[in-house]
Amino acid sequence: MDTYGLSLNDSARTLVMGVVNVTPDSFSDGGRLTSVAAVAHALKLLEDGADILDIGGESTRPGAAPVSVEEELARVMPVIEGVRQRTDAAISIDTMKPEVARASFAAGANIWNDVNALRADGALAVAAELCGPVILMHMAGEPRTMQENPYYDDVVAEVIGFLNARAEAALAAGIARADLFADPGIGFGKTLAHNLALMRALPRIESETGLPVVFGASRKRFVYAIDEAGKEAGDRIGGSLAAALYAANAGVRAVRVHDVRETVQALRVWAAIKAP
Ligand code: 8Y4
């Protein structure tokens, strides 16, 4: 069971986590066709070189409304089952809900990617029971309102303080330190200046939490804040690659991206240049 989880502990190169969104807006109809398309998309990401598939059924985009446990399970379970039937690749479940994480692991997911850092009721206990890697991400507030008025006195110190507090809570709940990963949560309750400060501070985040870092900047709005031609998410690939390479150079363990083929190629070239 832990062989999949080990993939997150392979520090030889920057791992690529490919995004598989299973929301009604991402694969048309919200029914069975959606699952088939999502599984096909996931398999394509593996062909493109993804190390981990990040499957999520709850939109966490700024302004997004919450979905019920039942709805989220209906979206993600067929996709996890379909992917697991066809590959041994590592699967992370992107959810804030302990019930969804537990069912996902039972269906073959190996990593819990929690943008809420195990703050939901019962989340710490379920993560301890699952005995697998957990990504603790920083988010200020909740998706619906987080971009309304982001404010920090010292964003880097506050994000590191939050991640350390969540890691402490996880350890106290019986989760192994080797299963913890830290993520600054680019775009989650942050202005452009906050996002840039956190990217510059990636080495500090790693050293001051003592945890391997997972980083997600792919197609996010900060790219548009820098380049006005990036209004649409699909027009932010160059900026996303720049951020992924900067993060790789800072030593992050994994990057979460939509454009897997482009990112894998960029990382391979970066690694070849860097090699002694
Ligand atoms: C366009 C495309 C605009 C995507 C916004 C977005 C992270 C994450 C998300 C992250 C980890 C997103 C689930 C937000 N971001 N998990 N999840 N780290 N660990 N927005 O940065 O992609 S969803």
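Indexing begins at 1, ligand by ligand and atom by atom, following the structure's order. Everything numeric in this text was worked out from a predicted model, so none of it was measured.
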In a simple table, one pair per line, please give the protein and ligand 1 atom names for every N or O pair closer than 3.5 Å, along with the distance.
residue  : atom   : partner : partner atom : Å
ligand 1 : 15 (N) : K220    : NZ           : 3.1
ligand 1 : 15 (N) : R256    : NH1          : 3.4
ligand 1 : 16 (N) : N113    : ND2          : 3.1
ligand 1 : 17 (N) : R256    : NE           : 3.4
ligand 1 : 18 (N) : D183    : OD2          : 2.7
ligand 1 : 19 (N) : N113    : OD1          : 2.8
ligand 1 : 19 (N) : D183    : OD2          : 2.8
ligand 1 : 21 (O) : G216    : O            : 3.2
ligand 1 : 21 (O) : K220    : NZ           : 2.7
ligand 1 : 22 (O) : R256    : NH1          : 3.2

F188 and H138: CA distance, side-chain angles, deciding distance, ring-ring contact (aromatic ring centres under 6.0 Å, His included) verdict: CA-CA 7 Å; F188 284 81; H138 175 272; 9.1 Å; no

Hydrophobic cluster membership, L136 vs M139, 4.5 Å side-chain cutoff: no

Connected via hydrophobic side-chain network under 4.5 Å: F215 and I237: no

Ion pair D259/R219, N-O distance below 4.0 Å: yes

Student check: side-chain heavy atoms of I93 and I111 closer than 4.5 Å: no

Single-linkage hydrophobic cluster V252~L241, side-chain heavy atoms < 4.5 angstrom: no

